[in-house]
Every structure is written in structure tokens, then in C-alpha cells.
Amino acid sequence: MAEPSHVLARLRHRVSAIDCYEKADAILVELGDHQARTMVMSNLGTAHRQAGRAEEAETCRRFALALIREFGIDRHSEATALNNLGTVLTDRGKLEEAIAAHANAVVVFGEGRRALRWGRFRSLARRSGGPGGGGSGVRRAARGHGASPR
């Protein structure tokens, strides 16, 4: 078990990181650097998630994804943002949305990365109580999102 002082130190570090990311975002807004903002917002989402602030993490991850799509930032960044969003949606118990986000990430990552993402997608589908413990229902859901493993 961690000492209470260590836990408080970690929490202060995360809150400090959140403050730094928020300040960086304000500067990047002034500079108009949308690509850097996507990275900062994603990292801010991670900091919120680690500090136990899942709702704020989701907001940041959705905003990062919106920036990527609005400004046509590369597809790999979009897939990563979708995957990150899926992770925080899982944390929040929004399993159907998480499955959709991960399935969309599979599509965007492309054939070369499908096997890696497929494992996470199947795991989430099983947790969501899909038909047959996930089996055929997972495949139907995946195909519906264009993410069939085959």
C-alpha cells in the first residue's frame, strides 16, 4: 500500500501537469497551431484520466479528435485519437461507444494494424454482453463498423 504522502505527491504532480497543458493550449490557440493543440489536448486527457477525472478526459479526447478531423491532420493521428477515446469511454462504462471508437480506429489504422486493434475490440464486445459472449455478435458489430478481422 502506498504511503498517503506519496499518493498526495502523485496527485499534485498530475494537477500540475493539467495546469501546464491548459496553459500550453492557451498559447497554441493564440499561435493557431492546430496540430500541436491535438497533442496537448490528448495529453491533457491522459493527465485527467490519471487523476481520476474521466469526464474531463473524455471531453479532451473528443476535442482532440474534432481538431484532427476539422483541420485534416494525418490519419494515423485520427486513429490514435479514436483509440484513446475508446479507452476513456471504456473507463466510463460507455462500452457500446467504446466499441464503435475502437472499431473506427481499426478502419483508419488500416489492414496492417487490424490484428492489434481487433483483440481490444473483441475484448470490449465481450464485456458489453454481446450475443453468445461476444462471438458472432462481435463479428456482426465489427462488420457494421467496417472492422472485420478478415
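Residue numbers count from 1 along this sequence. It should be emphasised that the depicted structure is a prediction, and the values quoted were computed from it without experimental measurement.
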**Q** Less than 4.5 Å apart, any side-chain heavy atom of Tyr21 and any of Met41?
**A** no
**Q** Only counting residues at least two apart or in another chain, list the ones meeting salt bridge (charged side-chain N to carboxylate O under 4.0 Å, His left out) with Glu22.
**A**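 Scan of Glu22 (salt bridge (charged side-chain N to carboxylate O under 4.0 Å, His left out), adjacent residues dropped) gives none.
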**Q** Given Ile68, which of Thr80, Thr38, Leu82 fulfils the side chain to side chain contact (heavy atoms under 4.5 Å, CB included) condition?
**A**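 Answer after filtering Thr80, Thr38, Leu82: Thr38.
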**Q** Does Val88 share a hydrophobic cluster with Leu44, counting links as ILVMFWY side-chain heavy atoms below 4.5 Å and allowing steps through other members?
**A** no
**Q** In terms of the angle between their ring planes, are Phe71 and His34 parallel, tilted or perpendicular, with boundaries placed at 30° and 60°?
**A** parallel
**Q** Just to verify, which of Val40, Asp74, Leu67, Leu28 counts as forming a side chain to side chain contact (heavy atoms under 4.5 Å, CB included) with Gln35?
**A**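 Output: one option passes, namely Asp74.
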**Q** Minimum heavy-atom separation for His48 to Ala57, with atom names?
**A** CB-N, 3.7 Å
**Q** Kindly compute the distance separating OG1 (Thr87) from CZ (Arg92), expressed to the nearest 0.5 Å.
**A**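 Thr87 atom OG1 to Arg92 atom CZ measures 14.0 Å (nearest 0.5 Å).
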**Q** Which heavy atom in Ala79 sits nearest to a heavy atom in Ala105, and how many Å separate them?
**A**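 Nearest pair, atom of Ala79 first, then Ala105: O-CB, 3.6 Å.
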**Q** Going from CG on Asn84 to CG on Leu65, what distance comes out if it is rounded to the nearest 0.5 angstrom?
**A**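 Those atoms lie 10.0 Å apart.
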**Q** Would you call Arg37 and Phe63 a side-chain contact if the rule is heavy atoms closer than 4.5 Å?
**A**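 Result yes, sub-4.5 Å side-chain heavy-atom pair found.
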**Q** What's the shortest heavy-atom distance between Ser42 and Ala64, and which atoms?
**A** N-CB, 4.1 Å
**Q** For Ser77 and Ile73, indicate whether the former's side chain and the latter's backbone hold a donor-acceptor pair under 3.5 Å.
**A**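 A pair under 3.5 Å: no.
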**Q** Is a side-chain donor-acceptor pair under 3.5 Å present for Arg61 with Thr46?
**A**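 Distance-only check passes for Thr46 and Arg61.
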**Q** Is any side-chain heavy atom of Arg53 less than 4.5 Å from a side-chain heavy atom of Ile18?
**A**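 Sidechains of Ile18 and Arg53: in contact.
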**Q** With a 4.0 Å cut-off, would you call Glu58 and Arg49 a salt bridge?
**A**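 Here Glu58 does not pair with Arg49 in a salt bridge, since their nearest N and O are not under 4.0 Å apart.
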